[in-house]
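Since the structure comes first, as structure tokens, the remarks are kept for the end.
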Amino acid sequence: MNEPGHEQQSAPGKPGEVETTGHVWDGDLREYNNPLPRWWLWSFYATVVFSLIYWLLYPAWPIAGTYTKGVAWINYEVEGEPQRSHWNSRALLLRDMQTGDAAVRQREFLQVIAEADHDTVLSDTDMLAFVNSYARGIFGDFCAACHQTGGAGIIGLYPNLADDNWHWGGTIQAIEQTITRGRMGYMPPYRETFDDQQADAVAAYVLSLAGHEGGDPEQVSLGGAIFQGYEGGCYACHGREGLGLKSQGAPNLTNDIWQNIDVTGAQSHAERQALVRDLILRGVQREMPAFGDRLSPAEIRVLATYVHQLGGGL
């Protein structure tokens, strides 16, 4: 039984008229039976075929605690060792980073810089542009955590690389050696050697070397005798004139650049002297790790050149 206003009957077979489903509403409202466009049907069939191929080749369906991994494979290298993995975005990225056009050109340019001498690299605009672009990423990955993004470091913890004060030498060759082998910064503590009076005297003398006035002349004189004598032996690393010794990483005490204590931030001479005295008593123990086993020689060359650009010196 049909609903009110709804009849089912065959559509009139007029020439050229589209076939109807035979349903009629309100006497003259008919439902046409238009076929889907052929292009639409073929597009739909193509999406079905594509989905079946995709499910077969690539990871697609979760199954319990795992998933279908597909039959597609990717070959790449990890630390020079060949690896083979089912298709996944991580493996694809690793392969592209190793064999992609951009990666190949990058390695070629990196090798050119590695084989060039330092003066050539520093004088070539294109090479320096590559150094600044490529090494900025390496610096961010391996160096910025300690030395900060711009290389300014943290007083008392990590040296400033953006100035021209270099304990171990600021030439590109010296920086390369530092990155490759690492450094062990050490000054022995004098808490068991000096009493408070002697520590105060040596601190006063060290401040006078850096040009800070206001110390007691007698105290400075006593401190100088300790510094230059057997009792303190400070001259053995810092030199008779206090100019430091790069082979030992001993800083220059005459340039008023302080990396282990914030002397310039002190409000008075007494505060500055107390900071230096405490440093003398506790000593210094700092280590920079070696990166020779984590970076290639070419990468170290590029990174050293970049660091030199931040603030390299003699």
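Please read these numbers as outputs of a predicted model, since none were measured by experiment.
For residues 210-264, the set of pairs meeting the ring-ring contact (aromatic ring centres under 6.0 Å, His included) definition, not counting sequence neighbours, comprises Tyr205-Phe227.
Across every non-hydrogen atom of Ala203 and Gln273, the tightest pair is CB-O, 3.6 Å. Across Ala199 and Leu281, no two heavy atoms sit closer than the pair CB-CD2, 3.8 Å. Here the closest non-hydrogen pair linking Cys234 and Tyr190 is SG-OH, 4.5 Å. Of all heavy-atom pairs between Cys237 and Ala250, the closest is O-CB, 3.3 Å. Contact between Pro289 and Arg294 at its shortest, heavy atoms only, is CB-NH2, 3.7 Å. Scanning all heavy atoms of the two residues, the minimum distance from His167 to Pro251 falls at NE2-CB, 3.2 Å.
Put simply, the side chain of Thr178 gets close to the backbone of Ala174: a donor and an acceptor are under 3.5 Å apart.
Annotation: the span from Leu94 atom CG to Ser89 atom OG amounts to 9.5 Å, rounded to 0.5 Å. To the nearest 0.5 Å, atoms CD (Glu241) and CG (Leu253) are separated by 11.5 Å. Summarising the geometry, atom OG1 belonging to Thr171 is positioned 9.5 Å from atom NZ belonging to Lys246; distances are rounded to the nearest 0.5 Å. Annotation: the span from Arg301 atom CZ to Leu303 atom CG amounts to 12.0 Å, rounded to 0.5 Å. The distance from atom CZ of Arg272 to atom NE2 of His269, rounded to the nearest 0.5 Å, is 6.5 Å.
Tyr45 and Trp42 have perpendicular rings, their planes meeting at more than 60° on a 0 to 90° scale where under 30° would count as parallel. In this structure, Trp25 and His23 have parallel ring planes: the angle between them is below the 30° cut-off, well short of the 60° mark. Using cut-offs of 30° and 60° for the angle between ring planes, the Trp87 and Tyr58 rings count as perpendicular.
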In sequence, state the C-alpha distance, the side-chain angles, and the governing distance for Gln177 and Gln173, and then conclude on side-chain hydrogen bond (donor to acceptor under 3.5 Å, both in side chains). CA-CA 6 Å; Gln177 187 179 40; Gln173 294 92 330; over 6 Å; no
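Side-chain atoms of Leu122 and Thr120, non-hydrogen and from C-beta on, never get closer than 4.5 Å to each other.
The neighbour count for Arg38 CZ, taken as heavy atoms of other residues, nucleotides or ligands under 6.0 Å away, does not exceed 12.
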